[in-house]
Peer 1: 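Once you've had a glance at the structure underneath, I'll fire off some questions.
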Amino acid sequence: QVQVVESGGASVQAGGSLRLSCTVSKYVYSSYCLGWFRQIPGKEREGVTSLDNVGTTAYADSVKGRFTISQENGKNTVYLQMNTLKPEDSATYYCAVAFPAAHCSASVLLHHNMNYWGKGTLVTVSS
């Protein structure tokens, strides 16, 4: 069983930065797709950014230029660096992984069809 655990959520002021971490317990295939998502209660989940096993990334328009997804060399941990945070970035952020990596950006940004999900970490941005 693959476990996904997020951490790093906090309350920050607008304009500030935060880095979220996500640990994936194991990679069952060498081809994989990682994604960060966010959701506000009562609203649909939004795909934020994706990263596949060859390093290809994609971002939602709402976070381009402000958020960066990256992965440690040992690949078990993936990060979401969030800069210039806005109140509208407040949400519960979820990390997820899919095997294999086919159509990774679409899986994350459009379809949200990932195999394993974390339980989320809360980010609150105050104005």
Side-chain angles (χ1 to χ4, degrees):
Q1 182 70 11
V2 176
Q3 294 184 329
V4 180
V5 180
E6 308 94 337
S7 63
S11 296
V12 297
Q13 297 245 324
S17 297
L18 201 59
R19 188 177 79 162
L20 305 182
S21 300
C22 169
T23 301
V24 179
S25 62
K26 63 180 178 180
Y27 289 78
V28 295
Y29 295 112
S30 59
S31 173
Y32 59 84
C33 171
L34 293 159
W36 282 98
F37 302 79
R38 63 186 182 186
Q39 189 168 24
I40 301 169
K43 293 198 173 183
E44 287 190 5
R45 182 166 49 201
E46 175 188 16
V48 175
T49 179
S50 66
L51 171 68
D52 66 16
N53 55 287
V54 297
T56 304
T57 60
Y59 296 89
D61 288 343
S62 57
V63 305
K64 275 181 185 175
R66 300 189 299 122
F67 289 15
T68 303
I69 188 171
S70 63
Q71 189 175 28
E72 266 192 284
N73 287 338
K75 83 178 182 182
N76 281 60
T77 302
V78 60
Y79 301 102
L80 180 63
Q81 178 67 44
M82 305 186 293
N83 299 326
T84 320
L85 282 161
K86 305 175 182 179
E88 51 264 42
D89 294 319
S90 297
T92 298
Y93 282 72
Y94 298 89
C95 180
V97 61
F99 305 99
H103 311 297
C104 183
S105 60
S107 294
V108 173
L109 301 183
L110 297 176
H111 308 302
H112 307 173
N113 53 340
M114 310 297 279
N115 300 130
Y116 302 96
W117 292 82
K119 294 183 178 180
T121 186
L122 180 63
V123 173
T124 304
V125 184
S126 57
S127 57

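Since this is a predicted model, take the numbers as computed values, not measurements.
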Peer 1: Determine yes or no for a side-chain-to-main-chain donor-acceptor pair under 3.5 angstrom, with Q39 supplying the side chain and A91 the backbone.
Peer 2: no
Peer 1: Under 3.5 Å, side chain of Q81 to main-chain N/O of R19, donor-acceptor pair present?
Peer 2: no
Peer 1: Measuring from L34:CG to Y27:OH, what's the distance to the nearest 0.5 Å?
Peer 2: 4.5 Å
Peer 1: Do T23 and N76 get their side chains close enough for a donor-acceptor pair, meaning under 3.5 Å?
Peer 2: no
Peer 1: Please examine the side chains of N53 and Y29, heavy atoms only from C-beta on, and report whether any two atoms are closer than 4.5 Å.
Peer 2: no
Peer 1: Which residue is it: V48, V125, L20? I am looking for the one with a side chain to side chain contact (heavy atoms under 4.5 Å, CB included) to M82.
Peer 2: L20
Peer 1: By side chain to side chain contact (heavy atoms under 4.5 Å, CB included), which residues pair with V28, not counting sequence neighbours?
Peer 2: V2, K26, F99
Peer 1: Any pair with a residue in residues 39-50 that passes salt bridge (Lys or Arg N to Asp or Glu O under 4.0 Å), sequence neighbours left out, goes on the list, sorted by first then second residue, please.
Peer 2: R38-E46
Peer 1: Donor-acceptor pair, Y79 side chain versus E72 backbone, under 3.5 Å?
Peer 2: no
Peer 1: Evaluate the side chain to side chain contact (heavy atoms under 4.5 Å, CB included) criterion for residues F67 and T49: first the C-alpha distance (whole Å), next the side-chain angles of each, then the deciding distance (0.1 Å), finally the verdict.
Peer 2: CA-CA 8 Å; F67 289 15; T49 179; 5.8 Å; no
Peer 1: In this structure, which one of T121, T124, V123, L122 forms a side chain to side chain contact (heavy atoms under 4.5 Å, CB included) with T92?
Peer 2: L122
Peer 1: Run the side chain to side chain contact (heavy atoms under 4.5 Å, CB included) test against T56 and tell me which residues pass, sequence neighbours left out.
Peer 2: D52, V54
Peer 1: Under 4.5 Å between side-chain heavy atoms, chaining through other members, with only Ile, Leu, Val, Met, Phe, Trp and Tyr counted: pull out the rest of the cluster around M114, sorted by chain and number.
Peer 2: F37, Y94, V108, L109, W117
Peer 1: Quick one: do Y59 and I69 satisfy side chain to side chain contact (heavy atoms under 4.5 Å, CB included)? Show the steps, please.
Peer 2: CA-CA 9 Å; Y59 296 89; I69 188 171; 3.5 Å; yes
Peer 1: What pair of heavy atoms forms the shortest contact from A14 to P87, and how long is it?
Peer 2: CB-CD, 4.1 Å
Peer 1: Under the side chain to side chain contact (heavy atoms under 4.5 Å, CB included) test, which residues partner R66, sequence neighbours left out?
Peer 2: V63, T84, K86, D89
Peer 1: Looking at H103, I'd like to know if its NE2 atom is crowded, meaning that more than 12 non-hydrogen atoms belonging to other residues, nucleotides or ligands lie closer than 6.0 Å.
Peer 2: no
Peer 1: Group every Ile, Leu, Val, Met, Phe, Trp and Tyr by side-chain heavy-atom contacts under 4.5 Å, then state whether V97 and L110 land in the same group.
Peer 2: no
Peer 1: Provide the full list of disulfide bond (SG atoms under 2.5 Å apart) pairs with a residue in residues 92-127, sequence neighbours left out, each pair given once.
Peer 2: C22-C95, C33-C104
Peer 1: Can W36 and V78 be said to form a side chain to side chain contact (heavy atoms under 4.5 Å, CB included), step by step?
Peer 2: CA-CA 9 Å; W36 282 98; V78 60; 4.2 Å; yes
